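Here's the structure we're looking at; comments come further down.
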2 protein chains.
Amino acid sequence: MATIKDVAKLAGVGLGTASRVINDSGYVSEETKKKVLEAINKLGYVPNETARAFVTQDNKTVALFLPSIHHAFFSELAYYIEDELDKKGYKMILCNSSGQKEKELKYINMLKQNKVSGIIGISYNPIENEINHSMPIVLVDRHIGEIPYVSSDNYGGGKMALQVLKETGCNHVAYMGTYSKTIFTEVEKRLKGFEDAAKENGINYTLYIEEDPIKDQTTFLHTFLNNYKNIDGVFVENDMMALELVQLAQDRKISIPEELSIIGYDGIQTYAMLRPKLSTIRQPVELMGRSLVDLLIKKLNGEQVTPEIHPVQFLKGETTR
Amino acid sequence: MATIKDVAKLAGVGLGTASRVINDSGYVSEETKKKVLEAINKLGYVPNETARAFVTQDNKTVALFLPSIHHAFFSELAYYIEDELDKKGYKMILCNSSGQKEKELKYINMLKQNKVSGIIGISYNPIENEINHSMPIVLVDRHIGEIPYVSSDNYGGGKMALQVLKETGCNHVAYMGTYSKTIFTEVEKRLKGFEDAAKENGINYTLYIEEDPIKDQTTFLHTFLNNYKNIDGVFVENDMMALELVQLAQDRKISIPEELSIIGYDGIQTYAMLRPKLSTIRQPVELMGRSLVDLLIKKLNGEQVTPEIHPVQFLKGETTR
DNA sequence: GTGAAAGCGCTAACAA
DNA sequence: TTGTTAGCGCTTTCAC
């Protein structure tokens with residue numbers, strides 16, 4: 001393995017000069033540059049990134065916190081984040097952190113010690129006291145102090161869902177999902193948007209929510225179907241839950257969308273082939289993934305960054321009229 | 001940030017001694033050890049892993065090659081791999097490599113230069129000439145020379161599927177899936193097992209296969225339904241495809257499983273809530289993920305390792321009689 | 001058992 | 001514009 005020393009020697013220049021051309025920094029004459037480049041080529045020299053990371057205190061690696069990669073929406077998002085990071089020359093370490101605050105803390109500590117360059121976090125753990133806005137951290141769907149975040153237009157999505165239900169003739173609508181006592185997340189705005197729109201439109205609505213995490217989603221759904229027989233339109237917090245609701249309702253011979261309209265949130269591709277095709281509010285996953293990376297890199301460069309909220313879109317499927 | 005120097009000074013010992021107790025290597029008297037440990041504690045010293053990686057040429061990081069994390073089976077597998085790696089003190093870099101050989105090569109080069117400790121690969125790229133069995137690499141479902149691999153019992157699974165179809169009264173069965181001209185993968189054994197079992201049982205079978213990757217899965221499935229109306233039982237290469245087949249068949253009012261039995265392969269959890277519940281051959285994902293890590297670490301320790309084939313299980317759903 | 005010292009490959013400051 | 005040098009924090013000889 002050739003080192004920078006070998007390159008310098010072969011090119012007949014000093015160590016510093018070699019380093020300068022390799023990093024394209026500082027003044028180097030065209031002529032010298034050429035000599036060095038030749039040497040690099042001849043030797044097949046590749047910089048030792050570990051050594052570099054050691055001296056620059058930056059290893060070009062970002063940690064992605066995810067409750068669990070084993071969840072369709074997160075894995076789609078992770079896909080685009082990795083793709084964009086790779087394009088920008090960063091590696092991505094995955095950290096499945098669901099309910100494991102310590103695991104996240106480990107990486108936050110690594111960040112403090114410059115052992116990861118930055119963090120992109122989809123985190124439902126209580127980490128607000130461990131991080132602050134001067135660190136290169138970007139969050140998804142969550143507000144912690146001044147830390148920049150990216151989210152879809154949850155509020156608008158909530159309104160949109162109600163609008164659709166109303167326009168397709170639903171009279172008794174409900175919001176189904178979760179809430180959290182401990183952390184604030186953008187997701188709650190789906191409810192808020194739904195609620196506000198219902199009020200504006202003078203429509204009666206029901207909130208069917210349980211504290212996150214729901215222990216038994218199936219039971220949660222069955223209970224709903226048992227107790228809210230008059231409801232003819234539901235906006236469900238996410239596609240996975242919406243999809244299970246569709247299944248359970250069909251088991252009960254409730255015809256969808258005639259008797260019950262269902263709208264999800266996320267627009268997960270993985271489920272796109274299923275019948276009935278779910279009507280849903282689609283988050284622009286790819287866009288979100290790439291802006292997360294953009295924001296983080298700006299942060300890394302010391303630029304000022306502000307939260308980004310991306311527009312959503314209603315995807316008509318077969319679960320609404 | 002306290003360094004090992006600070007620790008040594010505070011403990012009143014030499015640098016080397018401090019290092020020895022930190023790494024629990026070499027001879028250190030109990031007494032000295034205690035002093036050093038105290039100093040570490042008082043200073044809140046944490047070893048600088050980057051520096052360590054630099055000198056030891058090992059950064060305790062393994063790269064996971066995945067065609068795409070955005071695929072249910074892979075993301076489940078990735079989940080367990082990450083979990084196990086974390087337990088063993090390794091970080092996991094994710095590399096979505098579908099069709100991007102260069103991306104894999106990048107990490108293979110990093111491996112050669114000791115910038116990643118090892119590689120776990122689910123790769124469909126032609127990388128056989130770039131790697132060899134002396135490298136710390138473990139593959140999933142693929143044989144490349146002597147490189148160790150982990151897979152489920154694809155052959156047994158294929159036999160099992162046929163057995164089930166036969167026992168539930170199917171007379172005209174088919175295998176549906178893909179093949180590759182360029183790479184050999186364990187997946188083909190699903191077909192082989194199915195075929196062998198059909199022959200043993202004296203059952204007529206049809207192979208409905210197309211070269212991987214299938215451009216348009218939906219068309220592929222429609223064509224099947226158009227042309228093979230006499231078939232009453234299909235074993236499909238993976239759950240995703242099986243699931244879409246179920247949907248399309250139902251659209252055509254083909255009753256499942258009465259007119260057509262369908263068995264998938266994988267046992268993906270993400271789809272577990274869907275109706276009709278898919279009958280499938282379940283791979284022990286968790287076990288596979290964890291053994292991949294085990295094998296890799298053994299390899300890293302210079303131990304001899306051999307391929308591991310894990311048993312599969314038939315999961316009866318509602319798409320078989 | 002222990003301390004001193006070399007050196008991993010690189011960047012950056014400094015002097016020339 | 002260039003070469004020299006210090007030093008990043010750690011592990012690992014090698015004497016003692």
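Everything quoted here is computed from the prediction, not taken from an experiment. Just so we're on the same page: letters track the sequence lines, and every chain starts at 1.
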Between A:S134 and A:N132, a side-chain donor and acceptor under 3.5 Å: yes
Does A:Q304 CD have over 12 foreign heavy atoms under 6.0 Å away? no
B:V55 or A:G16, whichever maps to the more 5' nucleotide of DNA chain C: B:V55
Pairing donors with acceptors under 3.5 angstrom, does anything connect the side chains of B:D141 and B:T185? no
To the nearest angstrom, the CD-P distance between A:Q57 and D:dC10 comes to 10 Å
So that I can tick it off, tell me whether A:E286 and A:R290 are bridged by a salt bridge, with the cut-off set at under 4.0 angstrom between side-chain N and carboxylate O. yes
Rounded off to whole Å, could you give me the CZ-to-P distance for the A:R20 and D:dT2 pair? 8 Å
What is the distance, rounded to the nearest whole Å, between atom CG of B:N48 and atom P of D:dC8? 12 Å
Rounding to a whole Å, what distance do you find between B:L15:CG and D:dC8:C1'? 13 Å
Within the structure shown, what part of the strands sits under 4.0 Å from A:T3 by heavy-atom distance: base, sugar-phosphate, or nothing? sugar-phosphate
From the options A:K299, A:K88, A:K87, select the one residue that forms a salt bridge (charged side-chain N to carboxylate O under 4.0 Å, His left out) with A:D294. A:K88
Measure CD/A:E30 against P/D:dT2 and give the value in whole Å, please. 10 Å
How would you label the contact of A:I22 with the nucleic acid (heavy atoms, under 4.0 Å): base, sugar-phosphate, or nothing? nothing
How about A:K33: does its NZ atom have over 12 heavy atoms from other parts shown lying under 6.0 Å from it? no
Take the protein atom NZ of A:K9 and the nucleotide atom P of D:dT4, then report the distance between them rounded to whole Å. 13 Å
Rounded to whole Å, CG of B:D58 lies from C1' of D:dT12 at a distance of 16 Å
With a strict under 4.0 Å distance from non-hydrogen atoms of chain B, what nucleotide opens and what nucleotide closes the contacted stretch of DNA chain C, reading 5' to 3'? C:dG1 to C:dG9
Are B:H70 and A:Q269 close enough that some pair of their side-chain heavy atoms sits under 4.5 Å apart? yes
Need one value for B:T32: base, sugar-phosphate or nothing, where a base atom within 4.0 Å counts as base even if backbone is also close, heavy atoms only. sugar-phosphate
Without decimals, in angstroms, what is the distance between B:N23 CG and D:dT13 P? 13 Å
May I ask whether B:F54 stacks on the base of D:dC10, given the cut-offs of 5.5 Å between ring centres and 30° between planes? no
